[in-house]
Protein chains: 2
Amino acid sequence: MGATKTEYFTDQQNAIAVIAKALGHPARVAIIDYLLRVDDCICGDIVNELPLAQPTVSQHLKELKNAGLIKGDIEGNRICYCIDENTLQKLQSYFTDISSVLEKKKNNCC
Amino acid sequence: MGATKTEYFTDQQNAIAVIAKALGHPARVAIIDYLLRVDDCICGDIVNELPLAQPTVSQHLKELKNAGLIKGDIEGNRICYCIDENTLQKLQSYFTDISSVLEKKKNNCC
DNA sequence: TATCTATATCGTAATATTGCAATATAAATA
DNA sequence: TATTTATATTGCAATATTACGATATAGATA
């Protein structure tokens, strides 16, 4: 018990859940926000932007990377992270689909 | 240690995280999918649609409700759940914002 | 009223997440 | 080469999540 039963759900459902889960922590939302604000990709100071210790930030970055939401290249001393637009696109089109279904339904029963 | 430090982040960041977290489990994505497929709001058999025990489904429904993603009315013996479009709208517009920022940036450095 | 049916809650075990100090790694620089 | 700087990894404690059996609740129905 305790572990998510991913094998019982569809690939699509699991894929959406993985991406959503990665965004399910304010620090990770803050990281995405920061990467959006920064010009180009000269990152390297994400740690200073967050109210968390360096290992904690590193861990959150790892999770965002595992979920495919960001990608990073080694650049000398530093790592340059930026948003992976493809993955965000996936989530966005999922919501677009939902919206269009809801649009057709127009059920106001609740 | 161990608890998320929500007080360190903005209301917006926390709000997005709460909604995303609720979608961060395939069973809950499956529930949303099911509510989208069902005509009207004559639910009442969500449990049979999922490969999980009834208390587990009930718990997932509670979390979706707490996050504002679904709403439910008591209808006699049953509870009629349906999607709360406003909350989904919030997430969707968040992604739309992100997309428009990315569109302007066009940074291909990673 | 007794029973059935649908859902919620409680209690608890298994597992996962969050956060950080300590330490490791590796490139840059003195 | 020694030091500095940026990031990752390890190890661990605190907390949260996931799942479900047992039980409670409450409307519907016999």
> Rounded to whole angstrom units, what separation is found between the CD1 atom of A/I46 and the P atom of D/dA6?
Replying inline: 13 Å

> Rounded to whole angstroms, how far apart are CG on B/N66 and C1' on D/dA16?
Replying inline: 14 Å

> Okay, side chain of B/S58, backbone of B/Q54: is any donor-acceptor separation there less than 3.5 Å?
Replying inline: no

>> Hydrophobic cluster membership, with links at side-chain heavy-atom distances under 4.5 Å among I/L/V/M/F/W/Y: are A/V18 and B/V29 in one?
In response: no

>> On DNA chain D, compare the nucleotides closest to B/T4 and A/K5; which residue's is nearer the 5' end?
In response: B/T4

>> Rounding to an integer number of Å, can you tell me how far B/I70 CD1 sits from C/dT7 P?
In response: 12 Å

> Roughly how many Å is it from CG in A/L52 to C1' in D/dT7, rounded to a whole number?
Replying inline: 16 Å

> How would you label the contact of A/T56 with the nucleic acid (heavy atoms, under 4.0 Å): base, sugar-phosphate, or nothing?
Replying inline: base

>> Give the residues of residues 8-17 of chain B touching DNA chain D, defined as any heavy atom closer than 4.0 Å, sorted by residue number.
In response: none

>> Just by distance, no angles: are the side chains of B/D45 and B/Y34 close enough, under 3.5 Å, to form a donor-acceptor pair?
In response: yes

> Expressed in angstrom and rounded to an integer, what is the separation of A/Y81 atom OH from D/dA6 atom C1'?
Replying inline: 11 Å

> Salt bridge between B/E85 and B/K71, side-chain N to carboxylate O under 4.0 Å?
Replying inline: no

> What pairs with B/T6 under side-chain hydrogen bond (donor to acceptor under 3.5 Å, both in side chains), at least two apart in sequence or on another chain?
Replying inline: none

>> Check the orientation of B/F9 and A/H25. Use parallel for under 30°, tilted for 30 to 60°, and perpendicular for over 60°.
In response: perpendicular

>> B/T10: which residues meet the side-chain contact (heavy atoms from CB on, under 4.5 Å) condition with it, sequence neighbours left out?
In response: B/Q12, B/Q13

> Between D/dT18 atom P and B/Q54 atom CD, what is the distance in whole Å?
Replying inline: 17 Å

> Can you name the residues that form a side-chain hydrogen bond (donor to acceptor under 3.5 Å, both in side chains) with A/T56, not counting sequence neighbours?
Replying inline: none

> To the nearest angstrom, how far is A/L50 atom CG from C/dC20 atom C1'?
Replying inline: 15 Å

>> Less than 4.5 Å apart, side chain to side chain, heavy atoms only: is that true for A/Y8 and A/N14?
In response: no

>> So if I take residues 58-65 of chain A and measure heavy-atom distances to DNA chain C, which residues fall below 4.0 Å?
In response: A/Q59, A/H60, A/E63

>> Side-chain N or O of A/R78 versus OP1/OP2 of D/dT7: is the shortest distance under 4.0 Å?
In response: no

> Between A/P26 and B/T4, is any pair of side-chain heavy atoms under 4.5 Å apart?
Replying inline: yes

> Which parts of residues 20-31 of chain A get close to DNA chain D, meaning a heavy atom less than 4.0 angstrom away?
Replying inline: none

